Amino acid sequence: MPGILKIIRDRHSTRGSFDTNRPISREELKQILEAARWAPTPNNMQNFQIVVVDEKEQIEAIGKIPAEMTEAFLRENYSQLSFSEEELLVKKWGMLASAFPPAWTDPEAWNPESDYRSQMTFLGRAVEQTPLLLVVLYDGSKRAPGSERDVLGQIGLGCVLENMWLMSESLGIGFHVLTVFGDGPVERQVKSILKVPEPMKVAYACSLGYPAIPQPPYPRVRREIEDFVHHNKFGRKDVAWSARQPKIPHGASKRP
Ligand SMILES: Cc1cc2nc3c(=O)[nH]c(=O)nc-3n(C[C@H](O)[C@H](O)[C@H](O)COP(=O)(O)O)c2cc1C
């Protein structure tokens, strides 16, 4: 079994199409769900449910849900973008603009009056070529004790996500997080299709599968350890962490 740090480094977002003729086996799915089961959650509340969606009709119905682009999203997304690999490698955070449809990378071009329809996207592109969706829900009427806006509960849902993602990576299964499932109007339709009762809410969905074609390597960047670690006092940087830690090689992840 590869070391845990290797799995952590190799874990990546698989945004291409999955091979719908190569389903994830029940045993593999069970291991991914077992990883979710053992995720840490605040007060061990385990405030999550997972709907396993593998029926073609259900996935197709979800794919028809329109997702409205908002100017706020465009602007926030824009602030995270690099427009060349060089820029990304220097910045060491954020994403390449080329990972998004061109219309999402220029907030100045936003014109809700004339372009309203063209700002609409459909979930189809994200889910049409997937054999499996895991839709993660939580009970919105509960919160982790003392946690304003249930921030701690949300962190717990993040732990569930990471556990499932790392397990998938270790099995060689591609994984793509889709937060759009939790957006108000989309969430309502997802809940209707999956018959999710109140007060359950959709946290996110994960699309899983074996990539249809090998994903070309893309630059994966992270800050150096000294960029975010402080020694005893904030701002004190008297330990050279990078000398002892190997750097993440760009695009070095194994591609299934
Ligand atoms: C909480 C969370 C939400 C995310 N939502 C999305 C999403 O909606 N769509 C998407 O393509 N990627 C999503 N991602 C993936 C991140 O963009 C990705 O992890 C990040 O760019 C680093 O790339 P890597 O996963 O290849 O290392 C999400 C990741 C996390 C942790």
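All figures in this text were calculated on a predicted structure; none of them were measured in a lab. When a ligand or atom number is given, it counts from 1 through the structure's own listing order.
- For the pair Arg220 and Arg11, the minimum side-chain heavy-atom distance is below 4.5 Å.
- Listed by chain and number, the residues in a salt bridge (Lys or Arg N to Asp or Glu O under 4.0 Å) with Glu57 amount to none (sequence neighbours excluded).
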Exercise for the section: Would you sort out whether Val135 and Val202 count as a side chain to side chain contact (heavy atoms under 4.5 Å, CB included), showing the intermediate values? Expected result: CA-CA 7 Å; Val135 182; Val202 178; 4.0 Å; yes

Practice task
Test Leu133 against Ile59 for side chain to side chain contact (heavy atoms under 4.5 Å, CB included), laying out the working first.
Solution key: CA-CA 8 Å; Leu133 287 172; Ile59 293 175; 4.3 Å; yes

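- For the residue pair Glu169/Trp165, the side-chain donor-acceptor check at 3.5 Å is not satisfied.
- For Ser192 (side chain) and Arg188 (main-chain N/O), no donor-acceptor pair under 3.5 Å exists by modelled atom type.
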Would you tabulate the polar-atom pairs, meaning N/O of ligand 1 against N/O of the protein, with distances under 3.5 Å, reported to 0.1 Å?
residue, atom, partner, partner atom, Å
ligand 1, 5 (N), Thr179, OG1, 3.3
ligand 1, 8 (O), Thr179, N, 2.9
ligand 1, 8 (O), Thr179, OG1, 2.5
ligand 1, 9 (N), Val177, O, 3.1
ligand 1, 11 (O), Arg15, NE, 2.7
ligand 1, 11 (O), Arg15, NH2, 3.4
ligand 1, 11 (O), His176, NE2, 2.7
ligand 1, 12 (N), Arg15, NH2, 3.2
ligand 1, 17 (O), Arg15, NH2, 3.1
ligand 1, 25 (O), Arg11, NH1, 2.9
ligand 1, 25 (O), Arg11, NH2, 3.4
ligand 1, 25 (O), Ser13, N, 3.3
ligand 1, 25 (O), Ser13, OG, 2.8
ligand 1, 26 (O), Ser13, N, 3.0
ligand 1, 26 (O), Tyr218, OH, 2.4
ligand 1, 26 (O), Arg220, NE, 3.4
ligand 1, 27 (O), Arg11, NH2, 2.9
ligand 1, 27 (O), Arg220, NE, 3.3
ligand 1, 27 (O), Arg220, NH2, 2.7
ligand 1, 27 (O), Arg222, NH2, 2.9

